[in-house]
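Below is one structure, written out as structure tokens, with a few remarks after it.
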Amino acid sequence: VLNASKESKTVQVTWNGDASGVVQLAIWKRSESGWQFSVQDATQTNIKADLDNKGSRVRHVVVSSVNRYGEESGRSSVVVE
């Protein structure tokens, strides 16, 4: 589940069910510059969603969880207003 915060310009990731096998988050951010991909440790559940690395405002975030075998979950998305 993804929740965007307008005030802090972050996206909070939470799970429905057991997330003990999740080790990484696969993150796609969309801005005027296009899509940018990154990964971060799953213990860090806040995703910065203000500006991309080119200074453009992030408008859309897509996230999936990745287990220790590299298997990716379904993707969740949120529009950042």
Side-chain angles (χ1 to χ4, degrees):
V1 178
L2 302 177
N3 294 300
S5 170
K6 291 180 188 179
E7 295 78 32
S8 64
K9 302 289 188 205
T10 60
V11 173
Q12 175 71 41
V13 179
T14 57
W15 288 270
N16 292 332
D18 182 19
S20 62
V22 177
V23 295
Q24 287 187 321
L25 299 177
I27 303 163
W28 294 262
K29 296 178 186 177
R30 184 176 182 199
S31 68
E32 293 174 2
S33 302
W35 287 96
Q36 294 182 347
F37 176 75
S38 63
V39 294
Q40 72 182 38
D41 189 272
T43 60
Q44 299 175 4
T45 58
N46 285 320
I47 299 168
K48 185 177 171 188
D50 56 349
L51 301 175
D52 67 12
N53 62 8
K54 295 181 181 177
S56 297
R57 188 171 150 247
V58 172
R59 301 195 180 272
H60 195 184
V61 176
V62 178
V63 177
S64 66
S65 57
V66 180
N67 68 16
R68 65 182 181 188
Y69 302 110
E71 298 168 331
E72 182 183 1
S73 72
R75 296 177 181 170
S76 296
S77 66
V78 66
V79 174
V80 180
E81 302 277 339

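We use all heavy atoms of the structure for the numbers below, so side chains are in, but hydrogens, waters and symmetry mates are not. These numbers were taken from a predicted model, which means no experiment stands behind them.
Looking only at distances, a side-chain donor or acceptor of Lys29 sits under 3.5 Å from a matching main-chain atom of Lys48. In this structure, Gln40 contributes its side chain and Asn46 its backbone to a donor-acceptor pair below 3.5 Å.
Between Trp28 and His60, the ring centre distance reaches or exceeds 6.0 Å.
In terms of hydrophobic clustering, with Ile, Leu, Val, Met, Phe, Trp and Tyr side chains grouped at heavy-atom distances under 4.5 Å, Val66 and Ile47 are assigned to different clusters. Residue Val62 is grouped with residue Val39 when hydrophobic side chains (ILVMFWY) are merged at heavy-atom distances under 4.5 angstrom, including chains of intermediate members.
Rounding to the nearest 0.5 Å gives a distance of 10.5 Å between CZ of Arg57 and OG of Ser31. Taking CG of Asp41 as the start and OG1 of Thr43 as the end, the distance is 3.5 Å to the nearest 0.5 Å. The OG1 atom of Thr10 sits 9.5 Å away from atom CG of Asp50, with the distance rounded to the nearest 0.5 Å.
The two residues Val61 and Ala49 have their closest heavy-atom pair at CG2-CB, 4.2 Å. The two residues Val22 and Ser65 come nearest to each other via the heavy atoms CG1-CB, 3.5 Å. Nearest heavy-atom pair across Val58 and Leu51 is CG2-C, 3.8 Å. Annotation for Ser64 and Arg75: closest pair CB-CG, 3.8 Å, computed over non-hydrogen atoms. In this structure, Ser33 and Ser56 approach most closely via the heavy-atom pair OG-OG, 2.9 Å.
Open room surrounds OH on Tyr69; 12 or fewer heavy atoms of other groups in view lie less than 6.0 Å from it.
With contacts defined as side-chain heavy-atom distances shorter than 4.5 Å, the pair Val79/Arg59 does not qualify.
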